[in-house]
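Note sheet for the following structure.
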Amino acid sequence: MKKMLFVANWKMYMSFGETIKFATRHFDDFVSLASGMIPPAEGENTIVLCPSSMALYPIIKMFNETKIKIGAQRCSPHIYGAFTGQDPARSVNEIGCSHCIIGHSEARREFRLSEEQVAQKFVHLLDYDVTPIVCIGETKEEFDSQKTLSALERQLSPIFEAIKTKTIVHDYITPYIAYEPIWSIGTGEVAGNQHLDMVFCWIAEKISKNFENRPAGGAVPQIKLLYGGSVTAKNSKTLKKIDKISGFLVGGASLDFQEFEKIVK
Ligand code: 13P
């Protein structure tokens, strides 16, 4: 039985107050969902809740000493300095986040992130022992004109280069790559398993090709793959059949506890 990661990306769907209310109302539900999962001996599944940044600290406090993990929805590509409105990876670590979503298509679009900036975030998170969840995905036009793989290549290459230039990649951190076709996010449209199977095999092969000749002294990162884009309780059963998928990044459906629970179960 493989370990699965279930990430609830609450985006900006709830205000600070609504987030606290929602998490308080479902505190016992989340805790029992996390602890009632597959026994550790068979590999423990993990649930990561990602509230918006203002709600991070109280949510971390609330779930402290439970099996629920908390992730940030963003971090800065910079380490320190005059960057109004940003928070560095160091702070993401210091307040107690285990994970951080980066390169989400909504953030790439809104903040005009370059591929290099996403790669910088990735490296800073690794430096501060936070598990990066880096999102990649193609537009509808790229999908329709069969340019999915070249779009993914463009997004992955700087990440791989950044990892290669790092001398130490701690083997206790498993970075995640989340394939989220942009046209699938919030639309109810999900690519067929054949397309997804092809894409996930391609990414897995890219990872092994990029790191098989990594020089001695640099650990080979154990990168795992997630799927995101209109995941529901109904389609998650089919999506779980895709061999290379190690979990889901869930947006809209994570706002309904019962729906999220069904996805996990
Ligand atoms: P939806 O599940 O709402 O399509 O969102 C997916 C997503 O963007 C998760 O990061």
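Atoms within a ligand are numbered from 1 in the order they appear, just like the ligands themselves. Atom set for the values below is all heavy atoms of this structure, side chains included, hydrogens, waters and symmetry mates excluded. The chain is numbered in sequence order, starting from 1.
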Next on the checklist: Let's go through Ile242 and Tyr227 carefully: what are the C-alpha distance in whole Å and the side-chain angles of both, what is the deciding distance for side chain to side chain contact (heavy atoms under 4.5 Å, CB included) to 0.1 Å, and is it a yes or a no?
Outcome noted: CA-CA 10 Å; Ile242 296 168; Tyr227 170 78; over 6 Å; no

Checklist entry - Tell me, which protein residue and heavy-atom name are nearest atom 9 (C) of ligand 1, and how many Å apart are they? => result Glu180 OE2, 2.8 Å

Item to check | Nitrogen or oxygen atoms of Gly251 and ligand 1 under 3.5 Å apart | outcome: yes

Checklist outcome for this item: Here the atoms of ligand 1 under 4.0 Å from any heavy atom belonging to Gly229 are 4 (O), 6 (C)

Checklist entry - Linking I/L/V/M/F/W/Y whenever their side-chain heavy atoms sit closer than 4.5 Å, directly or via other members, would Val231 and Phe260 fall into one cluster? => result yes

Item to check | Close side-chain approach of Met198 to Leu149, heavy-atom, < 4.5 Å | outcome: yes

Checklist entry - Roughly how far apart are Asp127 CG and Asn93 CG, rounded to 0.5 Å? => result 11.0 Å

Checklist entry - Non-hydrogen atoms of Ala253 versus ligand 1: any pair closer than 4.0 Å? => result no

Checklist entry - Is it the case that more than 12 heavy atoms not belonging to Lys140 sit under 6.0 Å from its NZ atom? => result yes

Item to check | Spacing of OG1 belonging to Thr148 relative to CD1 belonging to Ile136, to within rounding of 0.5 Å | outcome: 10.5 Å

Checklist entry - Quick one: does ligand 1 sit under 4.0 Å from the side chain of Ile185, the backbone, both or neither, non-hydrogen atoms only? => result both

Item to check | Distance (rounded to the nearest 0.5 Å) between Ile263 CD1 and Glu261 CD | outcome: 11.0 Å

Checklist outcome for this item: The closest protein heavy-atom partner of atom 3 (O) of ligand 1 is Gly252 N, 2.8 Å

Item to check | Atoms in ligand 1 flagged as close to His104, the criterion being non-hydrogen separation under 4.0 Å | outcome: 7 (C), 8 (O), 9 (C), 10 (O)

Checklist entry - Mind checking whether Ser230 has an N or O less than 3.5 Å away from an N or O of ligand 1? => result yes

Next on the checklist: Could you tell me, atom by atom, which parts of ligand 1 come under 4.0 Å of a heavy atom of Asn9?
Outcome noted: 9 (C), 10 (O)

Next on the checklist: Quick check on side-chain contact (heavy atoms from CB on, under 4.5 Å): which of Ile60, Thr46, Ile47 does Lys69 satisfy it with?
Outcome noted: Thr46

Checklist entry - Under 3.5 Å between some N or O of ligand 1 and some N or O of Leu249? => result no

Item to check | Gly186, any N or O under 3.5 Å of ligand 1 N or O | outcome: yes

Next on the checklist: When you compare ligand 1 with Lys11, is there at least one nitrogen or oxygen pair between them that comes in under 3.5 angstrom?
Outcome noted: yes

